[in-house]
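Start at 1 and go down the list; that is how both ligands and their atoms are numbered.
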Amino acid sequence: MRITYYGHSCFLLETSKAALLIDPFLSGNPKAPCGPDDLTPDYILVTHGHGDHLGDTVAIARRRSATVVSTFEVCNWLGQQGVSRCHAQHLGGGFAHPWGRLQLTLALHGSSMPDGSHGGNPCGLLLAVDGKTIYHAGDTGLFSDMQLIGEGGLDLALLPIGDNYTMGPDAALRAVKFLRPVTVIPMHYDTFPVIRQDARAWAGRVEAETRARAVVLAPGDTWTL
Ligand code: NI
Ligand code: MN
């Protein structure tokens, strides 16, 4: 499975059956390697309503007729913006999509929509696709139930390390110890000065203190799972 990083928390997963785009924040992202018109996903997965995650979801979904999967509240709002294909789920709930299973997980954070309306609870994403299990934490602080998310085994965890709005490097290192993934990729750092971090130093700590492999991707990089 090809996994391409588009900066911040945006990843494209090219699975055998569909291209899944997560948290497409491209317009207004100073680190984005391309614009929203360059991406052609079949599905868009959105962790919460904040502009740096919802991002270009409306424009891409309308142009592509892509299906958006998110929480009930985010999907309701997207419907009001003219996004016709939405699949609403909620925390703890899983669904077998045509490309694999997606369960929404807890995330300790907020969620408001661009117009200021309430976005419900934010979420993380636990995917089982092409025989691999992938956890995208969304925006979150550390929580000990990450141990439950990792219980079934994780091939890959995508974790925020930026601090200020989410887990910082120390908490994210503890998260790796709770989740015990085979590989971890850091995200949600360096986009803005307030979340600047040394991702390579963090990766070194992960590999010294845990059994996980830490892979640092630059925006535009593709990695194969
Ligand atoms: Ni957020
Ligand atoms: Mn964010």
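- For the Mn ion (ligand 2), the N/O/S atoms of H188 include one lying under 2.8 Å.
- One finds a salt bridge joining E209 and K177 here, because a Lys/Arg side-chain nitrogen approaches an Asp/Glu carboxylate oxygen to under 4.0 Å.
- The nearest N, O or S atom of D139 is closer to the Ni ion (ligand 1) than 2.8 Å.
- In terms of distance to the Mn ion (ligand 2), the nearest N, O or S atom of D52 is named OD2.
- In this structure, D130 contributes its side chain and K132 its backbone to no donor-acceptor pair below 3.5 Å.
- The nearest N/O/S atom of H53 to the Mn ion (ligand 2) is NE2.
- If you look at D139 and ask which of its N, O or S atoms sits nearest the Mn ion (ligand 2), the answer is OD2.
- A donor atom on one side chain and an acceptor atom on the other are not found under 3.5 Å apart for D139 and H50.
- Ring pair H97/F95 is perpendicular by interplanar angle, where above 60° counts as perpendicular and below 30° as parallel.
- Angle NE2(H48) to the Ni ion (ligand 1) to ND1(H50): 90° [nearest 10 degrees].
- Using a cut-off of 2.8 Å, one finds that H53 contributes no N/O/S atom close to the Ni ion (ligand 1).
- Residue H8: no N/O/S atom is found under 2.8 Å from the Mn ion (ligand 2).
- Side-chain contact check for S27 and D56: at least one donor-acceptor pair (N or O, by modelled atom type) lies under 3.5 Å.
- Between H8 and H188, the angle of the ring planes lies from 30° to 60°, which puts this pair in the tilted group.
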